There are 2 protein chains.
Amino acid sequence: MAQSDTVNRILDAAEVLFAERGFSETSLRMITSKANVNLAAVNYHFGSKNALIQAVFSRFLSPFAKNLEAELKRVSERHTDKPIDIETLLGIVTSCIVMVPAQSKTGVSVFMRLLGLAYTQSQGHLRKYLEQEYSRAFKMFMKHMREATPQLTSVDRFWRIQFMLGTTAFTMSSIEALSDIIENEMQVHSSTEEVVKRLVPFLAAGLQAPLQN
Amino acid sequence: MAQSDTVNRILDAAEVLFAERGFSETSLRMITSKANVNLAAVNYHFGSKNALIQAVFSRFLSPFAKNLEAELKRVSERHTDKPIDIETLLGIVTSCIVMVPAQSKTGVSVFMRLLGLAYTQSQGHLRKYLEQEYSRAFKMFMKHMREATPQLTSVDRFWRIQFMLGTTAFTMSSIEALSDIIENEMQVHSSTEEVVKRLVPFLAAGLQAPLQN
DNA sequence: TGTACATCAGTGAACGCGCGTTCACTGATGTAC
DNA sequence: TGTACATCAGTGAACGCGCGTTCACTGATGTAC
């Protein structure tokens, strides 16, 4: 058994349980029994429950941020004359998200649900951690976003990006339940890819909606 | 002291604390000490913490649902020839939300934040309760929604309504944190009312976005 | 009008329980001489 | 090569604490006769 096996088993179990139940509704005892490790192992390896939460996020956000920075740099080098358009920008983000799970072993929906929870459930420690850890990738994305939507004031742009984030996080976190409902009611099967395809025009249209005064 | 005074003081305190901290992060001891009532009074009047949570929602959702049904009926009687358009429909919903706080004493932002939490934090008991309690208003709204977007297939309409719901719930549940960020970065204050005003055109544009194949 | 009883809002203290965390300890592996 | 020691992952049991809930009780008010 490799040295890091216990650590990874804890992270795998915590990731799934946090996504299913939220942070304060998931106890260390649930995590350690699902992971088949000793209760004290969490505090031994991570120090505290809060530190475990941060580690869960790091494991998928770090590769995502790395992918995103690389991809943004790559594409912008081919767009020296004109800014990257919104559809391309959104495409880059979604493709970078899809690239990650192969590394961290979990599905896209768990990934997205956690992102949603990070916004709605954090008590401060997590938000602070994410802000300082991933500010570079976020700023890079925002720079391109600014160039792609010159017609928006910075306040409008800020809010519309939050709206996009909200739509995505919420939809992805409940995609399983929603797919079941629609399959029951309308006998139509929806894969995550198909939902994302429906999502992108919705987001792009919202982002570029006329401003009202 | 009127008979219902303790009940209302508990509801007032619970409403504010739930909105600030979420449900499982708010203890009955916090609520009763803020309300200046005995700890046992919650279980005496409501029976359990879950029942208190449901009562908090009832106090603002019941008048809202009543407003919404009345307003939808009123407006549709003047639109016998053509269906109500989307902007009007969304306007009705937001105005019905704004009408409520005068009855339940709290601000719109507390109201909206609770709505967001209902989606992101409920453990089942709340979702079931809301579904069966307010299904009539919801179905009525959906009927008008269907008429307002005849160009959409029912599958597309289903997903786009979920997108709208997601955007709203997510934004409202994290509105405080987001308002703080934008106030720090751009020195602009954003009230909930202003955010809702920004949200509506975003949602309307997304809902009516061209379909892609 | 007075008495006995019922009802009900509210109380103070305690209950058992699950929580995150701590601590002394084990046993395997690596390292120095 | 053998011995002494250090390091470190992992363990079992317990810690104190805050939680939702319960219960016997009080005291005020209403009601029947």
Side-chain angles (χ1 to χ4, degrees), chain A residues 1-59 114 117-118 121-129, chain B residues 1-59 114 117 121-126 128-129:
Chain A
M1 216 178 259
Q3 176 244 312
S4 59
D5 193 61
T6 298
V7 169
N8 281 330
R9 289 229 305 284
I10 292 171
L11 286 172
D12 289 340
E15 194 171 76
V16 171
L17 287 171
F18 285 151
E20 275 174 15
R21 315 174 44 90
F23 303 117
S24 37
E25 293 83 0
T26 303
S27 71
L28 294 185
R29 281 164 181 82
M30 289 178 196
I31 294 168
T32 53
S33 75
K34 185 184 176 79
N36 270 317
V37 301
N38 187 277
L39 167 62
V42 171
N43 278 274
Y44 175 74
H45 285 289
F46 297 95
S48 68
K49 188 185 180 183
N50 275 354
L52 170 62
I53 294 173
Q54 293 174 3
V56 166
F57 276 85
S58 284
R59 192 168 60 150
L114 281 171
L117 286 174
Q121 287 213 334
S122 72
Q123 278 100 318
H125 79 96
L126 183 56
R127 187 138 37 206
K128 265 181 198 160
Y129 172 78
Chain B
M1 218 178 256
Q3 174 244 316
S4 59
D5 194 62
T6 297
V7 169
N8 281 330
R9 289 228 305 283
I10 291 171
L11 286 172
D12 289 341
E15 193 170 76
V16 171
L17 287 171
F18 285 151
E20 273 174 18
R21 315 175 45 91
F23 303 117
S24 37
E25 293 82 359
T26 303
S27 71
L28 294 184
R29 281 164 180 81
M30 289 178 196
I31 293 167
T32 52
S33 74
K34 186 184 177 77
N36 270 317
V37 301
N38 187 277
L39 168 62
V42 170
N43 277 275
Y44 175 74
H45 285 288
F46 298 95
S48 69
K49 188 185 179 183
N50 275 353
L52 170 62
I53 294 174
Q54 293 174 1
V56 167
F57 275 85
S58 284
R59 193 169 59 150
L114 281 172
L117 285 174
Q121 288 213 334
S122 73
Q123 277 102 317
H125 78 95
L126 185 54
K128 264 181 200 161
Y129 172 78

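Lettering follows sequence order; numbering is per chain, from 1. Source: prediction; values computed, not measured.
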Nearest-neighbour nucleotide for the A:Ala40 side chain, C:dC23, D:dT21, D:dA14 considered:
C:dC23

Does A:Thr6 make a side-chain N or O approach to OP1 or OP2 of D:dG10 shorter than 4.0 Å?
yes

Contacts of A:Ala41 that satisfy side-chain contact (heavy atoms from CB on, under 4.5 Å) - sequence neighbours left out:
A:Thr6, A:Ile10, A:Val37, A:His45

Within the pair B:Tyr44 and C:dG10, is there a side-chain N or O less than 4.0 Å away from OP1 or OP2?
no

Is there a side-chain polar atom (N or O) of A:Asn43 under 4.0 Å from OP1 or OP2 of C:dT21?
yes

Under 4.0 angstrom between B:His45 side-chain N/O and C:dG10 OP1 or OP2
yes

A:Leu17: side-chain contact (heavy atoms from CB on, under 4.5 Å) partners, not counting sequence neighbours:
A:Glu20, A:Arg21, A:Thr26, A:Met30, A:Ile31, A:Lys34

Encoded 5' to 3' (Watson-Crick or G-U under 3.5 Å; [ ] crossing; | other strand), DNA chain D becomes .||||||||||||||||||||||||||||||||

Side chains of B:Val16 and B:Asp12: does their closest heavy-atom pair fall under 4.5 Å?
no

Between the protein and nucleotides 17-19 of chain D, which nitrogen or oxygen pairs are less than 3.5 angstrom apart?
unit_1: D:dC19; atom_1: OP1; unit_2: B:Ser27; atom_2: OG; d: 3.1

Close side-chain approach of A:Glu15 to A:Leu11, heavy-atom, < 4.5 Å
no

Pairs in or reaching into residues 48-58 of chain A: which pass side chain to side chain donor-acceptor pair (under 3.5 Å), with residues at least two apart or in two chains?
A:Asn50-A:His125, A:Gln54-A:His125, A:Ser58-A:Tyr129

